[in-house]
> 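I have a structure here, written as structure tokens, and I will follow up with some questions on it.
Residue numbering restarts at 1 for every chain, and letters A, B, ... go by the order of the sequence lines.
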Protein chains: 2
Amino acid sequence: MSIDQLHTTLERLCNLLRVEAREHGAGNGLLPVQLEALHYLGECNRYSDSVQGVSEYLGQTKGTVSQTLKVLEKRGLVKKLPDSNDRRIVHLQTTAAGRKTLDKVVPALFLIEALKSTSEAKIGQLTEDLKEVLRAAQQARGAKSFGACITCRFNESVEGAFQCGLTGEKLTPKDTVKICREHLFPDVDCKVS
Amino acid sequence: MSIDQLHTTLERLCNLLRVEAREHGAGNGLLPVQLEALHYLGECNRYSDSVQGVSEYLGQTKGTVSQTLKVLEKRGLVKKLPDSNDRRIVHLQTTAAGRKTLDKVVPALFLIEALKSTSEAKIGQLTEDLKEVLRAAQQARGAKSFGACITCRFNESVEGAFQCGLTGEKLTPKDTVKICREHLFPDVDCKVS
DNA sequence: CTTATATGTTTCGTGTCGAAACTATATTGA
DNA sequence: TCAATATAGTTTCGACACGAAACATATAAG
């Protein structure tokens, strides 16, 4: 069956990503899962940069994630900031060192090399197709979509400015391309708590 | 950059595969990496079903793989057979129970669900595109290609029958679709030792 | 005000993973 | 021919991811 081959190919690409992350991370004293957490923190917005957010994204327990983040903090790659409204919440921001590490690791060298002679259009098309699969996959698993605000049903555009309909806060253009744990696509059944 | 998004999307799909493998494996008392090894053994040919083969495929050391396979054997999912010519080599064959376990796990349920309303043609196109990326990625990493004999430069077709030019052995039609650790694409520089 | 819920941490047991030492068999080459 | 070398695989050990569960604290609900 065709899906079988798709699964196998994806699984194999996964493996290469992990092996490269392991090799590359070893140079920085980091493990694959720690790089993934750092990657997430580098792309998520201020509603999502918490232990809980990372936990949901990686599909691991809070306890496990807590330890992962402790390592990242000790390495000086992320910085903990208390939330101003809710004192239970801790925000995790990537530091300059963290972003520098990320730049070295993503996108993976082998991907750049592999796509060297592939047209920009082709890469774009493949990316869009994969994103569509991911969107459907996350829905199928009941997982959150972790999309950018710009594609979110809660995003409201008023007089050229953006605003989150869930929190009521204003969003800068930069904000709207970051990923959010409350993200919902417009066409998906509403599941807000 | 576009490759950046491709990397992120792939990494996220990876995660879903692993999380699902963890959940599903837990039911069978197996871990993601053990399922991957079983998956490989279910699809590779008789030149590749060894500890060394799994080690190359998963990018892990022989020692680690040796332990992984010990678990699979203890669970009755694979069976060890000595090689008839070289007594150093152990062949690992999936048992009926192993194949039954595989059928439940691959393709992943969420992939089937996610692609339910996608056309066969679209899935096929995406699979081919990903395979092409994988091929280039493996070459970029200097990793083996693990392709099917039918696409291998060593495969020789004589009077409708197939034969491996490397070992000189005859290949049945079933053999030619299994993946091989000696596989090389026709257009790649020769690196046979 | 009491109970329930949510965020995050710590502890502990299981088990992956790589490194390295080891056994056994096969190959090479002088 | 036989010693040196290479290859397949196992075992041992230490580091550490990971989940489960107990815990601390803060907010929400009734």
Side-chain angles (χ1 to χ4, degrees), chain A residues 15 18-19 21-38 41 46-75 78 80-92 181-182 192-193, chain B residues 15 18-38 41 46-75 78 80-92 181-182 193:
Chain A
N15 246 310
R18 279 190 87 77
V19 171
R22 191 177 304 277
E23 283 173 10
H24 211 126
N28 301 292
L30 292 176
L31 292 150
V33 71
Q34 294 163 348
L35 286 174
E36 283 179 42
L38 187 61
L41 289 174
R46 60 181 177 274
Y47 309 133
S48 315
D49 59 352
S50 59
V51 175
Q52 184 66 22
V54 177
S55 170
E56 288 166 1
Y57 189 81
L58 294 183
Q60 296 181 336
T61 63
K62 284 184 302 177
T64 297
V65 169
S66 181
Q67 295 175 73
T68 299
L69 297 177
K70 204 156 58 175
V71 174
L72 291 181
E73 193 194 15
K74 204 184 307 175
R75 296 270 197 287
V78 302
K80 288 189 181 179
L81 298 179
D83 187 275
S84 48
N85 294 326
D86 189 333
R87 288 194 293 170
R88 291 173 300 183
I89 298 178
V90 180
H91 292 278
L92 296 142
R181 48 181 288 233
E182 306 290 358
V192 187
S193 57
Chain B
N15 247 310
R18 277 191 90 77
V19 171
E20 169 132 337
R22 192 178 304 278
E23 283 173 10
H24 211 127
N28 301 293
L30 292 176
L31 291 149
V33 70
Q34 294 164 348
L35 286 174
E36 283 179 43
L38 186 61
L41 290 174
R46 60 181 178 274
Y47 308 133
S48 315
D49 59 352
S50 59
V51 175
Q52 184 67 22
V54 176
S55 169
E56 289 166 0
Y57 188 81
L58 295 184
Q60 297 181 335
T61 63
K62 283 184 305 175
T64 297
V65 169
S66 182
Q67 294 175 73
T68 299
L69 297 176
K70 204 157 55 176
V71 173
L72 291 181
E73 194 195 13
K74 205 184 306 175
R75 295 270 196 288
V78 303
K80 289 188 178 178
L81 298 179
D83 187 274
S84 48
N85 294 326
D86 189 331
R87 287 195 293 170
R88 289 172 302 183
I89 299 178
V90 180
H91 293 277
L92 296 143
R181 48 180 289 232
E182 306 290 1
S193 57

> For A:Gln52 and D:dT27, what is the distance between atoms CD and P respectively, to the nearest whole Å?
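So the CD-P distance, A:Gln52 to D:dT27, works out to 16 Å.
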> Would you kindly give the CG-to-P distance between A:Leu69 and D:dC16, to the nearest whole Å?
17 Å
> Using a 4.0 Å heavy-atom cut-off, does B:Asp83 contact any base of the nucleic acid, only the sugar-phosphate backbone, or nothing at all?
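Result for B:Asp83 = nothing.
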> Rounded to whole angstrom units, what separation is found between the CG atom of A:Leu58 and the P atom of D:dG19?
10 Å
> In whole angstrom, what separates A:Asn85's CG from D:dT25's P?
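About 21 Å, once rounded to whole Å.
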> Nearest whole Å is fine: how far is D:dC16 C1' from A:Leu35 CG?
15 Å
> What pairs of residues pass the salt bridge (charged side-chain N to carboxylate O under 4.0 Å, His left out) test when at least one of them lies in residues 58-68 of chain B, not counting sequence neighbours?
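Sorted pair list comes back empty.
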> According to a strict under-4.0 Å criterion, is A:Lys62 in side-chain N/O contact with OP1 or OP2 of D:dA24?
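Looking at the OP1 and OP2 atoms of D:dA24, neither is under 4.0 Å from any side-chain N or O of A:Lys62.
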> Using atom CZ of B:Arg87 as one end and atom C1' of D:dT7 as the other, report the distance to the nearest whole Å.
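From B:Arg87 CZ to D:dT7 C1': 15 Å.
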> Just to confirm, is there a sub-4.0 Å distance from OP1 or OP2 of C:dG8 to any side-chain nitrogen or oxygen of A:Lys70?
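No, A:Lys70 has no side-chain N/O under 4.0 Å of OP1/OP2 on C:dG8.
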> Nearest 0.5 angstrom please: B:Ile89 CD1 to B:Leu81 CG, how far?
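If I round to the nearest 0.5 Å, the distance is 13.0 Å.
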> Taking all non-hydrogen atoms of both residues into account, name the closest pair between B:Leu92 and B:Ser50 and its distance.
CD1-C, 3.9 Å
> Would you say B:Arg18 and B:Glu36 make side-chain contact, with heavy atoms under 4.5 Å?
yes
> Distance check needed: C:dA26 P versus B:Asp86 CG, whole Å only.
5 Å
> Do B:Thr64 and B:Val33 make a side-chain contact, defined as non-hydrogen atoms from C-beta onward lying under 4.5 Å apart?
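With C-beta onward as the side chain, the pair stays apart.
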> Going by the side-chain hydrogen bond (donor to acceptor under 3.5 Å, both in side chains) test, name the single residue among B:His91, B:Arg46, B:Arg88 that passes it with B:Asp83.
B:His91
> Is it true that a side-chain atom of A:Ser48 and a backbone atom of A:Gly53 form a donor plus acceptor pair closer than 3.5 Å?
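It does not hold such a pair.
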> Rounded off to whole Å, could you give me the CG-to-P distance for the A:Leu81 and C:dT7 pair?
18 Å
> Does the protein touch nucleotides 15-24 of chain C at the base, only the backbone, or not at all? Give it as B, S and - per nucleotide, heavy atoms under 4.0 Å.
SSSB------
